[in-house]
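I have placed the structure first, in the form of C-alpha cells, so that the comments after it can refer back to it.
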Amino acid sequence: MAVTVIGVDGGDLPKGSAEVLESARLVVGGRRHLEAHAPEHARKLELGPLEPALNALSSLSGDESGVVLASGDPGFFGAVRALRDRGIRCTVLPSTSSVQQLMARVGRSWDDVVVVSALGSDLTRAINVCRARPAVVVLTAPKAGPAQIGSGLAGWRRTMIVAEDLGGPNESVVTLEPVEAAKRSWHEPNIVLSLADLDDVPQRGWIAGGEPVPPATGWALSEDEFSHRDGMITKAEVRAVALAKLAPRPGTLVWDVGAGSGSVAVECARMGAATIAVESDEAQAVRLITNAASHGVDVRVEEGSAPQVLRNLPRPDAIFVGGGGTEVVTACAHAGASRVVVALSALDRVGPTRDALRAADYEVEGVQLSAARLAELQDGASRLEAADPVVLISGYRKQR
C-alpha cells in the first residue's frame, strides 16, 4: 500500500502529482478537489468525516495506491497527522499553505505571526490568542469563522483581514474592523489575520511566531519595573505565588480586578494570556496603560467599579482579585472561571472570602506570605526588612 497526499492551492499541482494520480486506485478529497483532479479510472471518496476515508485507505492491498487531495500544505494543520495516527505512512507533495498565500496577498512578513487553528477545538482559545498577541492567523472552521472571531474581539483594538476562497475563482481579501466582521456572512473556505497595528513593521526575530513565553527575563518582576503610587502594588513575592495559582498561558483569559498599577495583569500578559484589568481610579488606569506599554504587552483596561463593570466582560479562565469586598469576590466566583485568587491584607476578610468561593463550588486553599528582603545598612552590613504579610485565598474547580 502506498499513500500520497497532494496539496492543492488553486494553481498547478505539485511536480509528480500527475504520475501519482494516474496510478491511484483510490482518491480521497473534498468535492471540488475530486472534480478538478481525480482521474476517471480511480474510485473516488468524498471527504466528510475522516474515519471512512481512513478505513478505505487502510484497506488498500500491498500493491494498490491511494491519493489524498488536501488544501495547501497537508503537513501544516492538515491531513498528514490523522494518517500517521492511524499508522498510515505517506509521501507528501505540498503546495502553498493558505497562511503563505494570505501573507503574500497582504505583502507582509509572517515569521512573527502566531498561527492557531479553530478546527475541532474551542474557538475561545484562538480568540484569546488574538486578544493577547499583535499578529495572529486563525485557520477557521464552520461556526468558528470571521463573524465569531470579530464578535470575540469586541473591546480590543484589532484590525481583521479576511480572505475567502484563496486561489479559487471567488477569491476575496478584505480589511475591516471586528465589529464589521461580526455582522457579515462569509463564504467558506476562509482564513483570518488579526493585527493590533495594520501598518506595523515587526523587528527581525530569531524564532517563528514571536518570542516564546514565559519571557526570558523571568516573572515576578521587581516593583521598580512598574509605575505605582506610594507602594500600592502587589509585591513580587506575592505575584510569584499568585501567577502559579492563576496559571496564565496562551489561549486563556485572565481578569485582574481592582488592578491598581496592573502588575498582575501585565505579568499574565507577558506569559501569553489575554488580560482584562478592571480599575475604578482614573489615575491608576492611566498608570496601568503606561505599565502595559512599557512591557510591550496588550492589556484591555476597563475603567469602572466592580462588580457592575464585570457583567458584560467575556468569560475568564482565571481571576485575580486585588481589591474590593465580599460582593466583588462573590461576583467573581460566579463568572465561570476555573481559578480565582484573592489577595487579602485584612484577616477578617479571610472567612467571608473562603465562604464565597466554597458556595460557588470551588475547592479552596489559603496561604500567608510573609517575606523579608535583604536591606543594606549605612555601614555596609545587611539586615532583613520585613514586608507586610498577605493572605492568598485561591479557589479551583474543573470547567463544566
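In this chain, residues are counted from 1 in sequence order.
Annotation for Ala337 and Arg397: closest pair O-NE, 3.7 Å, computed over non-hydrogen atoms. Contact between Ala273 and Thr252 at its shortest, heavy atoms only, is CB-OG1, 3.5 Å. Across Val328 and Gly323, no two heavy atoms sit closer than the pair CG1-O, 4.1 Å. Of all heavy-atom pairs between Ile319 and Cys332, the closest is CD1-O, 3.4 Å. Scanning all heavy atoms of the two residues, the minimum distance from Pro52 to Pro49 falls at CD-O, 3.3 Å. Counting all heavy atoms, side chain and backbone alike, Ile207 lies closest to Pro212 at CG2-CD, 4.1 Å.
Side chain of Thr275 to backbone of Cys268: no donor-acceptor contact under 3.5 angstrom is found. In this structure, the side chain of Glu225 does not engage the main chain of Ser222 through any donor-acceptor pair within 3.5 Å. Although no hydrogens or angles enter the test, the distance criterion places a donor-acceptor pair under 3.5 Å between the side chain of Arg339 and the main chain of Lys245. Panel note: side chain His41, backbone Glu22; a donor-acceptor pair is recorded below 3.5 Å. Under the 3.5 Å distance criterion, the side-chain polar atoms of Ser338 are matched with a main-chain donor or acceptor of Asp317. Here the side chain of Lys143 pairs no donor or acceptor atom with the backbone of Ala141 at under 3.5 angstrom. No donor-acceptor distance shorter than 3.5 angstrom exists from the side chain of Asp73 to the backbone of Pro94, with no hydrogens or angles considered. Looking at Trp156, its side chain never comes within 3.5 Å of a backbone N or O of Cys130 through a donor-acceptor pair. Between the side chain of Gln284 and the backbone N or O of Ala259, no donor-acceptor pair lies under 3.5 Å. Between the side chain of Arg239 and the backbone N or O of Ile233, no donor-acceptor pair lies under 3.5 Å.
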task: Evaluate the salt bridge (Lys or Arg N to Asp or Glu O under 4.0 Å) criterion for residues Glu46 and Lys44: first the C-alpha distance (whole Å), next the side-chain angles of each, then the deciding distance (0.1 Å), finally the verdict.
output: CA-CA 7 Å; Glu46 184 177 337; Lys44 301 170 188 63; over 6 Å; no
query: Given Glu35 and Arg31, is the side-chain contact (heavy atoms from CB on, under 4.5 Å) satisfied, shown in steps?
result: CA-CA 6 Å; Glu35 291 175 350; Arg31 178 180 299 178; 3.4 Å; yes
task: Might you work through the side-chain contact (heavy atoms from CB on, under 4.5 Å) test for Ser65 and Val20, ending with a clear yes or no?
output: CA-CA 8 Å; Ser65 62; Val20 171; over 6 Å; no
task: I would like to know whether Glu267 and Leu221 meet side-chain contact (heavy atoms from CB on, under 4.5 Å); could you show each step before the answer?
output: CA-CA 8 Å; Glu267 294 254 37; Leu221 301 174; 3.9 Å; yes
message: Test salt bridge (Lys or Arg N to Asp or Glu O under 4.0 Å) on Arg270 and Glu211; report intermediate values, then the result.
response: CA-CA 10 Å; Arg270 293 177 72 245; Glu211 289 289 326; over 6 Å; no
message: Is there a salt bridge (Lys or Arg N to Asp or Glu O under 4.0 Å) between Arg105 and Glu171? Walk through the geometry before answering.
response: CA-CA 11 Å; Arg105 302 295 195 279; Glu171 179 176 310; 2.8 Å; yes
field: Stepwise side-chain contact (heavy atoms from CB on, under 4.5 Å) test for Val137 and Met103
entry: CA-CA 9 Å; Val137 165; Met103 301 313 296; 4.2 Å; yes
task: Show your reasoning for whether salt bridge (Lys or Arg N to Asp or Glu O under 4.0 Å) applies to Arg229 and Glu279.
output: CA-CA 14 Å; Arg229 183 179 65 197; Glu279 176 54 49; over 6 Å; no
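A donor atom on one side chain and an acceptor atom on the other are not found under 3.5 Å apart for Gln308 and Ser305. Using a 3.5 Å distance cut-off with no hydrogens or angles, the side chains of Ser172 and Asn170 do not pair a donor with an acceptor. Residues Asp111 and Ser109 bring no donor and acceptor atom of their side chains to less than 3.5 Å of each other. One side chain, Asn128 or Arg131, offers a donor N or O that lies under 3.5 Å from an acceptor on the other.
The shortest distance between side-chain heavy atoms of Pro74 and Val68 does not fall below 4.5 Å. Residues Val174 and Trp186 have side chains in contact (heavy-atom distance under 4.5 Å, counting atoms from C-beta outward). Contact check for Ser95 versus Val8: no side-chain heavy atoms found under the 4.5 Å cut-off. No side-chain heavy atom of Ser263 sits under 4.5 Å from any side-chain heavy atom of Asn291. Two residues are said to be in side-chain contact when any heavy atoms from C-beta on lie closer than 4.5 Å; Ile161 and Leu198 meet this criterion. When side chains are defined from C-beta on, Asp298 does not count as touching Pro134, because their heavy atoms never get closer than 4.5 Å. The side-chain heavy atoms of Phe226 and His295, taken from C-beta on, include a pair separated by under 4.5 Å. Considering only heavy atoms from C-beta on, Ile6 comes within 4.5 Å of Leu21 through its side chain.
Remark: Asp388 CG is loosely packed, at most 12 non-hydrogen atoms of other residues, nucleotides or ligands lying under 6.0 Å away. More than 12 heavy atoms of other residues, nucleotides or ligands lie within 6.0 Å of CD in Gln368, so this atom counts as buried by the packing criterion. The environment of CZ in Arg354 is crowded: more than 12 heavy-atom neighbours from other residues, nucleotides or ligands sit within 6.0 Å. Counting heavy atoms of neighbouring residues, nucleotides and ligands inside a 6.0 Å radius, atom CZ of Arg157 does not exceed 12 of them. More than 12 heavy atoms of other shown residues, nucleotides or ligands fall within 6.0 angstrom of atom CZ in Arg373.
Transitive grouping of hydrophobic side chains (ILVMFWY, heavy atoms separated by less than 4.5 Å) keeps Val286 and Met232 in distinct clusters. Placement of Val238 and Leu344 in two distinct hydrophobic clusters is found when ILVMFWY residues are connected by side-chain heavy-atom separations under 4.5 Å, directly or transitively. Taking hydrophobic clusters as Ile, Leu, Val, Met, Phe, Trp and Tyr residues chained together by side-chain heavy-atom distances below 4.5 Å, Tyr396 does not share a cluster with Leu243. When the side chains of ILVMFWY residues are joined at heavy-atom separations under 4.5 Å, either directly or via intervening members, Val136 and Ile191 end up in two distinct hydrophobic clusters. In the hydrophobic clustering of ILVMFWY residues, with side-chain heavy atoms under 4.5 Å counting as a link, Phe77 and Val138 come out apart.
Taken to the nearest 0.5 Å, the CG atom of Leu54 stands 5.5 Å off from the CD1 atom of Ile88. Atom CG of Asp165 is separated from atom CZ of Arg32 by 5.5 Å, given to the nearest 0.5 angstrom. From Leu195, atom CG reaches atom CZ of Arg133 across 13.0 Å, with rounding to the nearest 0.5 Å. Annotation: the span from Leu193 atom CG to Met160 atom CE amounts to 9.5 Å, rounded to 0.5 Å. Between the CG atom of Leu47 and the CG atom of Leu34 there is a distance of 7.5 Å, given to the nearest 0.5 Å. Once rounded to the nearest 0.5 Å, the distance linking CZ of Arg108 with CG of Asp199 reads 10.5 Å.
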